[in-house]
Amino acid sequence: MTLSPSSPSTAADWQALGARLSLRADCFIDGRFVPAASGARFDCNSSIDGRTLTAVARGGKEDIDRAVAAARRSFEAGDWRSQPPRARGRVLRRLAELIETHADELALTETLDMGKPIADSLAIDVKLTARCIAFYGEAIDKQYDEVAPTASTSVAMIVREPLGVIGVVVPWNFPMMMAAWKLGPALATGNSVVLKPAEQSPLTALRLAELAAEAGLPDGVLNVVPGYGEEAGQALGRHMDVDAAAFTGSTDVGKLFLRYAGESNMKRVSLECGGKSPQIVLADAPNLDAAARSAALGIFFNQGEMCSAGSRLLVDARIKDDFLERVVSAGRAMPPGDPLDPNTRMGAILDRVQYDRVLTYMDGARRDGATPILEGGPVEVHDGGYYLAPTVFDAVTPDMQIAREEVFGPVLSVITVQDIDEAVRIANDTIYGLTASVWTRDINMALKTARALRAGVVSVNCYDDDDITTPFGGFKQSGFGRDRSLHALDKYTDLKTIWIELD
Ligand code: NAP
Ligand code: MG
């Protein structure tokens, strides 16, 4: 991961840039920043040191109503959806360029807001957000509709149409990127959107909306209402004039969106939810060092605050001791540090609530009899911030809470297996099915295992390598519907048949 040559190269330089940032903190509705109708605001604190960055508008039902009305008006007027796909694509590509032009500012805002290392914000969050928006901008004028194989006395066209107003609700772990995975395909297909970012990380979404306007997106097509889940999020989920809800977040809240839809207008719902992803390492893994580094990164990247975190390591008994030594040393090489230092690989935990939650899981694991072989735990980096070093528990059994529930922190559970059948059985013994991996030299074994694992993404001899061209999403209670790739277009469009009878 490299910083661009023009980016600040020290924590002090990033801090200096931070002092000059002007943060957007109001709702963005119909092309303008406006305060919440109630006038209420909430503090937006930095995960780095707890400092209040700004007070953000606390959007509620009335603001969601205003935003949905603006989105509906722009959709009905055809301001965006009636533009030729090529013209919509041009606006999205311009937005991608603006994201790159403002890379330092956006990366810094993300790091200040939710604590991830600045190097990752730049190389992952900003870069992949721009790539995602550009991908849909490049793709949308290359999609063709269909003509059905009817008798020559008729013509049946099958056309794709945008759904209308899309409600997007996203979490705080990759705030900009999770939003982009929805905005790219939703906007490319001509929909209008109301986005509610997580209350802990609303800042980049607001800036993104402003940049989209600068790129030429008409007023009302993209609205952002920051606020609390129970207020703004629920109002969006229950809104009678929202055609689809696209959600990323926890499985519990995902289920609420299904309920909101059932109790309101039966809006379409797509869900990207939690995970408890297995990483299987067999005795014939081609490169134990690479596998160990990958296993460590798979759980410790982004402080473990990752839906696709490979939180269960299922390792073959024959190589276990050797392999765990390597995993522990890879974990030791990722101590938490100042998120603004470009050399830091692990940043701050989101906040006190998340930190306490992770510590509670660690206590539970010890009580249940798991053995800590890398005792991470709290580290002092900045007063007012919460930092946890990588932790690895050995002797975890599949029934323990630490093996079953999503921790969303830098905690790896090791389960020893005797053979591949046992590994697959344990891997699939979860309510989740987001990602999985298997390390083996045997192509036959790799493919059979990939087929047997019930997960939306299975990696062989790598972990969670991905690209905007491939779909991402889960089986089982990890949700349904796919982000990324051309398949994501399906979530934001409906098929219409137009049957023409000829004379
Ligand atoms: P969360 O609590 O479910 O929140 C996600 C979003 O839903 C936030 O915007 C939140 O707003 C909103 N929300 C909360 N309660 C709501 C309610 N009653 N009605 C409507 N909206 C509500 O998840 P999180 O803690 O932010 O993020 C962590 C979770 O996200 C993990 O489970 C992780 O696995 C999952 N995740 C999944 C993916 C994926 O692609 N599968 C990617 C990233 C994260 P507030 O912030 O105001 O509460
Ligand atoms: Mg939350």
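As the structure lists them, so they are numbered: ligands from 1, and atoms in each ligand from 1. Just so you know, these numbers come straight off a predicted model, no measurement behind them.
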Engineer: Report yes if some N/O of Q200 lies less than 3.5 Å from some N/O of ligand 1; otherwise report no.
Structural biologist: yes
Engineer: Below a 4.0 angstrom heavy-atom separation, can you tell me which part of M178, side chain or backbone, both or neither, approaches ligand 1?
Structural biologist: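 Contact part for M178 vs ligand 1: side chain (C-beta onward).
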Engineer: Among R484, E199, K196, which residue places a heavy atom closest to atom 10 (C) of ligand 1?
Structural biologist: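 Ranked by closest heavy atom to atom 10 (C) of ligand 1, first place is K196.
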Engineer: Short N/O distance, under 3.5 Å, between S478 and ligand 1?
Structural biologist: no
Engineer: Below 30° counts as parallel, above 60° as perpendicular, anything between as tilted: where do the rings of Y228 and F42 land?
Structural biologist: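 Geometry flag for F42 against Y228: tilted rings.
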Engineer: Using the ring of each side chain (for Trp, its six-membered ring), is H382 parallel, tilted or perpendicular to Y387, with breaks at 30° and 60°?
Structural biologist: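 If you compare the ring of H382 with that of Y387, the planes turn out tilted.
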Engineer: Which of the listed options, R58, Q234, E272, holds the heavy atom that is closest to atom 40 (O) of ligand 1?
Structural biologist: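 Nearest option to atom 40 (O) of ligand 1, by heavy atoms: E272.
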Engineer: Any nitrogen or oxygen of T248 lying under 3.5 Å from a nitrogen or oxygen in ligand 1? Just yes or no.
Structural biologist: no
Engineer: Using a 4.0 Å heavy-atom cut-off, say whether T251 meets ligand 1 through its side chain, its backbone, both or neither.
Structural biologist: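 Answer for T251: neither.
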Engineer: When rounded to the nearest 0.5 angstrom, what distance separates CG in D113 from CG in L108?
Structural biologist: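 So the gap between those two atoms works out to 10.5 Å.
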Engineer: Measure the distances from the heavy atoms of C273 to every atom of ligand 1 and state whether one is below 4.0 angstrom.
Structural biologist: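 Yes, C273 has a heavy atom closer than 4.0 Å to ligand 1.
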Engineer: Looking at CE of M400 and CD of E405, how far apart are the two atoms once the value is rounded to the nearest 0.5 Å?
Structural biologist: 13.5 Å
Engineer: Determine whether any heavy atom of F174 lies closer than 4.0 Å to an atom of ligand 1.
Structural biologist: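 No, that is not the case, since the closest heavy atom of the residue is not under 4.0 Å from the ligand.
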Engineer: Should the proximity of L236 to ligand 1, defined as any heavy atom under 4.0 Å, be assigned to the side chain, the backbone, both, or neither?
Structural biologist: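 Within the 4.0 Å criterion, L236 makes no contact with ligand 1.
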Engineer: Please say whether P171 places an N or O atom under 3.5 Å from an N or O atom belonging to ligand 1.
Structural biologist: no
Engineer: Can you list every salt bridge (charged side-chain N to carboxylate O under 4.0 Å, His left out) pair that touches residues 170-196, not counting sequence neighbours?
Structural biologist: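 Residue pairs passing salt bridge (charged side-chain N to carboxylate O under 4.0 Å, His left out), neighbours aside: K182-D483.
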Engineer: With a cutoff of 4.0 Å, is G254 in contact with ligand 1, counting heavy atoms of the residue only?
Structural biologist: no
Engineer: Is it the side chain (CB and beyond), the backbone, both or neither of D483 that lies under 4.0 Å from ligand 1, heavy atoms counted?
Structural biologist: neither
Engineer: Using a strict 4.0 Å threshold on nitrogen-to-oxygen distance, state whether D43 and R51 make a salt bridge.
Structural biologist: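 No, no charged N to carboxylate O under 4.0 Å.
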Engineer: What do we get for E406 next to ligand 1 when only non-hydrogen atoms under 4.0 Å count, side chain, backbone, both or neither?
Structural biologist: side chain
Engineer: Kindly identify the option in F472, W181, F247, Y432 whose heavy atom sits closest to atom 7 (O) of ligand 1.
Structural biologist: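 Looking at heavy atoms only, the winner is F247.
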Engineer: Under 3.5 Å, N or O to N or O, is F408 touching ligand 1 that way?
Structural biologist: no
